[in-house]
Visitor: 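One structure is given below, represented as structure tokens, and several questions about it will come after.
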Amino acid sequence: MRVLTRSDDATATKGGVVAIGNFDGVHRGHQALIGRAIQAARELGRPAGALVFEPHPREFFVPGEAHFRLTPLAEKQRIFGALGLDFVRVVTFDKALSELSPDAFIERILI
């Protein structure tokens with residue numbers, strides 16, 4: 001499984017099916033969503049991936065508060081690979097990202 005950051009070349013994942021979220025805990029609901037993304041990607045002959053935000057948006061919006069995570073990023077990546085994802089894109093959650101419109105998010109981050 002490939003791990004991509006915002007600055008990485010994403011041509012190998014172009015046209016992929018992407019599940020978006022933080023996936024803390026990677027619980028059954030997350031696994032079902034990821035499974036559906038994998039199924040759709042395979043049906044389309046495309047790569048399947050997840051897009052996660054680091055730091056967690058909560059940490060950005062409420063920086064003075066302690067934040068507990070069930071699943072650190074490295075463990076999430078291991079689980080994603082075991083579930084069959086082809087890639088994970090790790091996007092830095094910062095002021096610029098928080099201010100993107102939905103259309104800009106699609107154009108700049110997803111496409």
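A quick note: this is a predicted structure, and the numbers were derived from the prediction, not measured.
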Visitor: Test of understanding: clusters of I, L, V, M, F, W, Y form through side-chain heavy atoms closer than 4.5 Å, transitively. Do I34 and L73 belong to the same one?
Guide: yes
Visitor: Would you confirm whether T13, through its side chain, and G16, through its main-chain N or O, come within 3.5 Å as a donor-acceptor pair?
Guide: no
Visitor: List the residues meeting side-chain hydrogen bond (donor to acceptor under 3.5 Å, both in side chains) with Q39, not counting sequence neighbours, and say none if there are none.
Guide: E43
Visitor: Would you say the side-chain atoms of H30 pair up with the backbone N or O of G21, donor to acceptor, closer than 3.5 Å?
Guide: no
Visitor: Taking N22 for its side chain and H56 for its backbone only, find out whether a donor-acceptor pair lies under 3.5 Å.
Guide: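 Looks like no, no N/O pair under 3.5 Å.
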Visitor: Give the C-alpha distance, both sets of side-chain angles, the deciding distance and a yes or no for side-chain contact (heavy atoms from CB on, under 4.5 Å) between V91 and V52.
Guide: CA-CA 6 Å; V91 176; V52 298; over 6 Å; no
Visitor: Does the side-chain contact (heavy atoms from CB on, under 4.5 Å) test come out yes or no for V26 and L70, once each step is laid out?
Guide: CA-CA 9 Å; V26 197; L70 295 171; over 6 Å; no
Visitor: Under 3.5 Å, side chain of D86 to main-chain N/O of R2, donor-acceptor pair present?
Guide: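 Absent.
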Visitor: Check for me whether the distance between the ring centres of F23 and F80 falls short of 6.0 Å.
Guide: yes
Visitor: Between Q77 (side chain) and V3 (backbone), is there a donor-acceptor pair under 3.5 Å?
Guide: no
Visitor: As an exercise, state the distance from CG of L83 to CG of L33, rounded to the nearest 0.5 Å.
Guide: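 Between L83 CG and L33 CG, I get 11.0 Å after rounding to 0.5 Å.
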Visitor: Measuring only between side-chain heavy atoms, which start at C-beta, is T71 closer than 4.5 Å to I79?
Guide: yes
Visitor: Would you say I109 and V17 are hydrophobically clustered, going by side-chain heavy atoms of ILVMFWY under 4.5 Å?
Guide: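 Cluster IDs for I109 and V17 differ.
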Visitor: Side chains of L51 and V88: does their closest heavy-atom pair fall under 4.5 Å?
Guide: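 Not in contact.
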Visitor: Mind checking side-chain hydrogen bond (donor to acceptor under 3.5 Å, both in side chains) for R69 and listing every partner two or more places apart, or none if nothing turns up?
Guide: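 Testing R69 for side-chain hydrogen bond (donor to acceptor under 3.5 Å, both in side chains), a comparison that skips the adjacent residues, returns E54, E59.
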Visitor: Can you check whether G49's main-chain N or O pairs, donor with acceptor, with R89's side chain at less than 3.5 Å?
Guide: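 Not at all, since once roles are kept as given, no pair shorter than 3.5 Å links the two residues.
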Visitor: Same cluster or not: F105 versus L4, using hydrophobic residues (I, L, V, M, F, W, Y) connected whenever any side-chain heavy atoms lie under 4.5 Å apart?
Guide: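 Cluster IDs for F105 and L4 match.
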Visitor: Evaluate the ring planes of F53 and F93, with Trp represented by its six-membered ring, and classify them as parallel (under 30°), tilted (30 to 60°) or perpendicular (over 60°).
Guide: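 Ring orientation, 0 to 90° scale: perpendicular.
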